[in-house]
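Just so we're on the same page: letters track the sequence lines, and every chain starts at 1. Below, each value reflects all heavy atoms present in this structure, side chains not excepted, and no hydrogens, waters or symmetry copies.
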Amino acid sequence: MIRRASPAGQPGAAHGLRLATARRIGVCSDMPRYDAKRIESKWQAFWEAHGTFATPDFPVGEKLYVLDMFPYPSGEGLHVGHPEGYTATDIVCRYNRMRGKTVLHPMGWDAFGLPAEQHAIKTGTHPRETTDRNIATFRRQLKMLGFSYDWSREVATTDPEYFRWTQWIFLKIYDTWFDPDCAWTDAAGKTRCGKGRPISELPIPDAVRAAGPDAVRRYQDERRLAYQYEAPVNWCPALGTVLANEEVIGGVSERGGHPVVRIPLRQWMLRITAYAERLLDDLDSVAWPESIKALQRNWVGKSEGAEVDFPIGGASGDFAAWKATRLQAGFPAEPLDDVLRIYTTRPDTLFGATYMVLAPEHPCVDRLTTPQYRTAVDDYRRQAAMKSDLDRTDLAKEKTGVFTGAFAVNPVNGEQIPIWIADYVLVSYGTGAIMAVPAHDLRDWEFAVRFELPIRPVVAAHDDYQPTKEERALAREVNGRTEFPFAGLGAAINSGEYTGLTTADFKEAITRRLAAEGLGRGAVNYRLRDWLFSRQHFWGEPFPLWHELDASGNPTGLLRTVPEADLPVTLPEMRHFKPHGRPEPPLAEAPPEWLYTTAPDGVPLVRETNTMPQWAGSCWYYLRFIDPRNDAAFIAPDKERAWMPVDLYIGGAEHAVLHLLYSRFWHKVLFDRGCVSGDEPFRRLVNQGMILGEAELTGYQDESGQWVSARQVVDGPDENQPKLNAGTRRPVVAVRLDTRQTTKLGNEFVLEANPEIVVESRAFKMSKSRGNVVNPDQVVANYGADALRLYEMFMGPLEAAKPWSMSGVEGVSRFLARVWRMIADERSDDVRLSDAVSAVPPSADQLRLLHKTIQAVTADIESLSFNTAISRMMEFVNALTAQEPRPRAVLEPFVLLLSPLAPHLAEELWQLLEHTQSLAYEPWPEFDPACVVEHEVEVPVQINGKLRGKIKTPPGADEPTARGLAQADPRIAELLAGKQVVKIVFVSDRLLNFVVR
RNA sequence: GCCGAAGUGGCGGAAUGGCAGACGCAGCGGAUUCAAAAUCCGCCGCCCGUAAAGGGCAUGAGGGUUCGACUCCCUCCUUCGGCACCA
């Protein structure tokens, strides 16, 4: 091997140098240039062999629990989007270990899921096999990136030892009812109302108890947090299977495009709505982005109003008698058959109710419909049942509905009003019935105009009120006058004794009055629905439940739980995964020895064959990571108290609502049942932004090859149709363009050759079909894991969506190579320190640079501003590589600063700097304020706010000093000459501004 | 429609009341090299000015507050995300 080349210019050296260079090219790979591959595999092996990141069972000193949203191990392998959040958390963990905290940083797999099952149906491969293979790929890829996970805590939701406890928690939920009146005190000392309690504590009415033990069991079953319900599913007869919502696109199956119909099927529901208020309230106690909190509040959708009973039919005498009864008996908890119960947020508009509307599925419809209207009503209901949710909620369509022939009485004025059914009223919200006040509700107005129902205004807007856009859109002409609906707040008119009250006062007064007379009560409703918790799939957690059978083998409706000691209920061995053609779940075809048993008391039992949704396993995995191998409990209480809550949780915004809401719900149930110590699982949440494909320039051409300006191009009639030229309605094709073919004109890119033609410039979501997916394996092979990590952090703010750029990766990779050359000798054959590295004491300038860098990088990591932290380190390296000698005393702290971001390179350099231990637990460099003091500060001088010059002042100079210096500057003096200085604005070390006239 | 986020050079972005464009990419020029790669040095928002000096304009648009606004307030536009007949 060649030793160092002779310095150029020495006699006889030229030839030797040339030779050396030529030979070096040939053997490049063993030369000590920055060799990411060698360094990274070396340190990954080191960390693994030494258990560097193993976390003790209990924290020593301050704890930090940093969690990534664990991935679904898809067959595609890791995507460059995954390492974005994972790198961010890894940096936080490595940094905090160096700050002396005990860090818990685990990883696992959300491994149940539809793709593995679909693959099984197609190929016969068991989903477990597919899943294990995919997990192996993901694990290899994550290890390749050098994340400091404690891999000994790895769990997969598909492990029987994991889902044993998922089933156990389900049983806990099943064993719980929600007592809305139970008062308790939270950690903050606030009195709260409403708590989950053991079903054994549910008060049983005497009448129920008298009816016998089965009646008691049924009574309890109706009140559990997990209950059964007939809910519509997507049944695809052609595929012979029930499809998940995401497998149905536009009313047909995603695979094959077969028609899908909605049929009711027995399902499991979780009563998340009972926790709506707490899920809403406790958002105030967590450090989450306001936008995510808003999304959750929106999703829960709380509204306040009143429930009011309208008696059915009724001549006036009956009405008076009914009112008298109600005055005596009060408002019943459940509506009786003689009334329709409605929910309204505007009880102040009761006097304007001119008709009522029931949802087509409302249970009273059959009973109310008169023979004359029977056919029309039945037809309408049948049509509504067939429609998908999408069709029913299409706002563009005209309102439809039919009259039932029945009437109800408005309880405030005794007026008879007709009862209609219409699909704009949803059975699942409120009471499934409304009073229609067309004058003050846009939907009711539209319906009333269409069916010529009376409209009676009962709220007056203030005099200069301008109708909103929507109100104007519904305007109608009556006798030459234009009338609008009015949905706002105002003062009551035509409302009897209430006339003149403001909307708010009226609401309060009438709600109180209705309650006093037994006609209504204040009520709260939520847009949130109970959680449909069962799926008709094989690859999910079985429910730990048995159904009792009667003598003829039919379910009695009574249930038995699988005893805790018999958990887990594992999936049966199946002969095949082909759909069996019935709507029942695939497990209905499980072998009889799995499906059936006989209880010790002789009652025959059949297993529940639905499985749990994918959300189940991810609802509590953050708890299992704390105690992953515990086979006596889902978590040991002392460990739970020591580590919870999660201090930082990073993941994609696509889980902003469902996963986070479901986890919070489970956690609250576990809290109520004394299984966990806190009522919120995730203290701080951050959503990383999506990584988009490389920016693309797209031009459009018509069939003749003529360019069409992007401004002329519109979407086709539906999403799958090609785009059209808006002028000619002819299709156009998209053409990828090179930057050289285009130029920027104003705000747009146009064709260089024809600036009339506007070109689209945009980064798209990465997708296989678009062909813009970046494979992390490839990036690591070409540039190394440190470069990938650093690039993902350098792209921009963590939370922003950012387009990928391969030349950007090259940029950070160049930076890493510069760091290497700053410390290592690149021209030597073996890995050794550069001759420039020296034990000399650093200069004041070097110390200032170092400490400014420490200060900035520390603050940036604390605020997750990794992009600017990297910029600061680049500045440091740019400054220092230009200097020789380079003092170790500034290089060593710099290596520590770099280590959370580029850990492999940092470890290698640390070792090169003659340290024998990993730097993972080296103390983080301390910033010394004394070192960053400048002896001179450059201060901008402004005249009337415009920059006119700069002066140098001592740090902390006062105004007279600065003013003196500025006035001594010839240019400033010239500009100030003959002007009157009215004011001087001075901020020490920052700015001096003369305000002149 | 409602709720939320965002709009800054050719590109990613920096600066949250005080020098707009740090840092990086791309581009251009130079050094090194037989040549290239790699590396190093320099230039690099737009306009006026041959150039320099200097000046003007400029953070989606318009207005406002302020000595001073990318930053705060109001109105509007565009893009992205979520919800969408929830009474």
When rounded to the nearest Å, what value does the distance between [atom1] atoms of [N] and [M] take?
{"N": "B:C47", "M": "B:G9", "atom1": "P", "value": "15 Å"}
{"N": "B:G29", "M": "B:A37", "atom1": "P", "value": "13 Å"}
{"N": "B:A69", "M": "B:A15", "atom1": "C1'", "value": "13 Å"}
{"N": "B:C11", "M": "B:G27", "atom1": "P", "value": "15 Å"}

**OP:** Encode nucleotides 56-64 of chain B as B, S and - characters from 5' to 3', where the letter depends on protein heavy atoms closer than 4.0 Å: B to the base, S only to sugar-phosphate, - to neither.
**Re:** SS-------

Original post:
Quick one: what's the B/S/- string for nucleotides 5-29 of chain B, heavy-atom cutoff under 4.0 Å, read 5' to 3'?
Top reply: -----SSBSS---BB--BBSSS---

Check this for me: does any side-chain nitrogen of one of [X] and [Y] sit under 4.0 Å from a carboxylate oxygen of the other?
{"X": "A:R341", "Y": "A:D309", "value": "yes"}
{"X": "A:K802", "Y": "A:E792", "value": "no"}
{"X": "A:R971", "Y": "A:E974", "value": "no"}

Subject >> Candidate list A:V985, A:I972, A:N944, A:V982, test side-chain contact (heavy atoms from CB on, under 4.5 Å), partner A:F994, passing option >> reply: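 By the side-chain contact (heavy atoms from CB on, under 4.5 Å) criterion, A:F994 pairs with just one of A:V985, A:I972, A:N944, A:V982: A:I972.
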
Original post:
What nucleic acid atoms does A:T743 come within less than 4.0 Å of, heavy atoms only: base, sugar-phosphate, or nothing?
Top reply: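 The residue A:T743 makes no contact with any strand.
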
Subject >> Test: A:R527 cationic atom under 6.0 Å from A:W299 six-membered ring centre, within 45° of axis >> reply: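 Geometry flag: set, cation within 6.0 Å and 45°.
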
Subject >> Pi-cation contact, A:Y424 with A:K399 (under 6.0 Å, within 45°) >> reply: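 Yes, a cation-pi geometry holds between A:K399 and A:Y424.
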
Original post:
Under a 3.5 Å cut-off for both distances, is B:G1 Watson-Crick or wobble paired, and to whom?
Top reply: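 Answer to the pairing question: B:C83, which forms a Watson-Crick or G-U pair with B:G1.
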
Original post:
Do other residues, nucleotides or ligands put more than 12 heavy atoms under 6.0 Å from the CZ atom of A:R990?
Top reply: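 Check fails, neighbour count at 12 or below.
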
**OP:** Output yes when at least one side-chain N/O atom of A:R297 is less than 4.0 Å from OP1 or OP2 of B:G4, else no.
**Re:**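 No, outside the criterion.
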
**OP:** If the glycosidic angle is within 90 degrees of 0 it's syn, otherwise anti, so just tell me which one B:G81 is.
**Re:**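 Glycosidic conformation of B:G81: anti.
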
Original post:
If you measure only the distance, is there a donor-acceptor pair under 3.5 Å linking the side chains of A:R529 and A:S428?
Top reply: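 Result is yes, a qualifying pair exists.
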
